[in-house]
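All ligand and atom numbering here is 1-based and tracks the order in the structure. Since we're looking at a predicted model, the values are computed, not measured. Hydrogens, waters and symmetry mates are skipped; everything else that's a heavy atom, side chains included, is used.
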Amino acid sequence: MIKIKIAPSILAADFSKMGETVKQLQECGADLVHCDVMDGNFVPPITFGAQMVKQIRPLTALPLDCHLMTLHPQTHLEDFVKAGADVISVHVEACGKDTVPLMREIKKCGVKASAVVNPETPIEELFDCVGEADMLLVMSVHPGWGGQKFIPETLEKLEKLRTFCIKCGRGELDIQVDGGVTLENASEIKAAGANVLVAGSTVFRAPDMRAVIASLRGE
Ligand code: DX5
Ligand code: ZN
């Protein structure tokens, strides 16, 4: 059985208490810390960059999962590697034909590589990445903001991707879903083939973070 992992997105956290929050996530059973990097170009908002990753790095043993919503991810690759990123996800909409070579470069730096597709991008765009990927990410909302509603068509994309991975002999590959994940839809998302669930609002708006992480996982 493939392991279900929960990746709370610190985008939904209180930025003035980030250090405490990151420590708490580990105590509450999170599997990864999802860091949403936005550059004001690939997506309208600007969030934070490698410096945030560097500063939270010593505060947790959890892997730092860096989702780069940036137009030129290769430009900042070295900074994120040095900052201590464990996983780096790059958008095929930003990298085009350079996605697979960039993933190879990420892996050469000793960091796990992942590619992402937006809701309007066909899932087939990720197929070339399956051989190289340590993880693949399917956006279930339009990138840029937390707190949006899950786009139901994502379920079919997840099914197609999991089926393709199995066909390629990579049935165990981590498939991450990002956006609008709730306690209500987590089961169908997992049934569709995702095993790494990003959750921002659901985790940070909950009165009991430990309980909500366990429920998302299905415990
Ligand atoms: C959206 C980000 C997501 C976002 C998820 O651009 O990539 O990671 O924080 O937030 P929720 O879980 O609130 O939809
Ligand atoms: Zn994200």
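V138 and M135 sit in two unconnected hydrophobic clusters of ILVMFWY residues. Membership requires side-chain heavy atoms under 4.5 Å apart, directly or through other members.
In D178, the N, O or S atom that comes nearest to the Zn ion (ligand 2) is OD2. Residue-level check: among N/O/S atoms of D36, OD1 sits closest to the Zn ion (ligand 2). The minimum distance between the Zn ion (ligand 2) and any N, O or S atom of H67 involves atom ND1.
Among S9, G200, G144, the residue whose heavy atom sits closest to atom 6 (O) of ligand 1 is G144.
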Could you go step by step and tell me if M69 and H91 meet the side chain to side chain contact (heavy atoms under 4.5 Å, CB included) rule? CA-CA 7 Å; M69 284 163 273; H91 274 263; 3.7 Å; yes
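For the pair A12 and ligand 1, no heavy-atom separation below 4.0 Å is found. The shell of residues lying under 4.0 angstrom from ligand 1, judged by heavy atoms, excludes F150. Taking a 4.0 Å cut-off on heavy atoms, D178 registers as neighbouring ligand 1.
Between the side chain of D65 and the backbone N or O of V87 there is no donor-acceptor pair closer than 3.5 Å.
Counting protein heavy atoms only, atom 1 (C) of ligand 1 is closest to W145 O, 3.6 Å. Taking atom 10 (O) of ligand 1 as the reference point, the nearest protein heavy-atom neighbour is G146 CA, 3.6 Å.
Near H67, meaning under 4.0 Å from one of its heavy atoms, ligand 1 places the atoms 7 (O). Of all atoms in ligand 1, listed by their number and element, those nearer than 4.0 Å to a heavy atom of G179 are 14 (O).
Polar contact with ligand 1: absent for V198 (N/O pair, distance under 3.5 Å).
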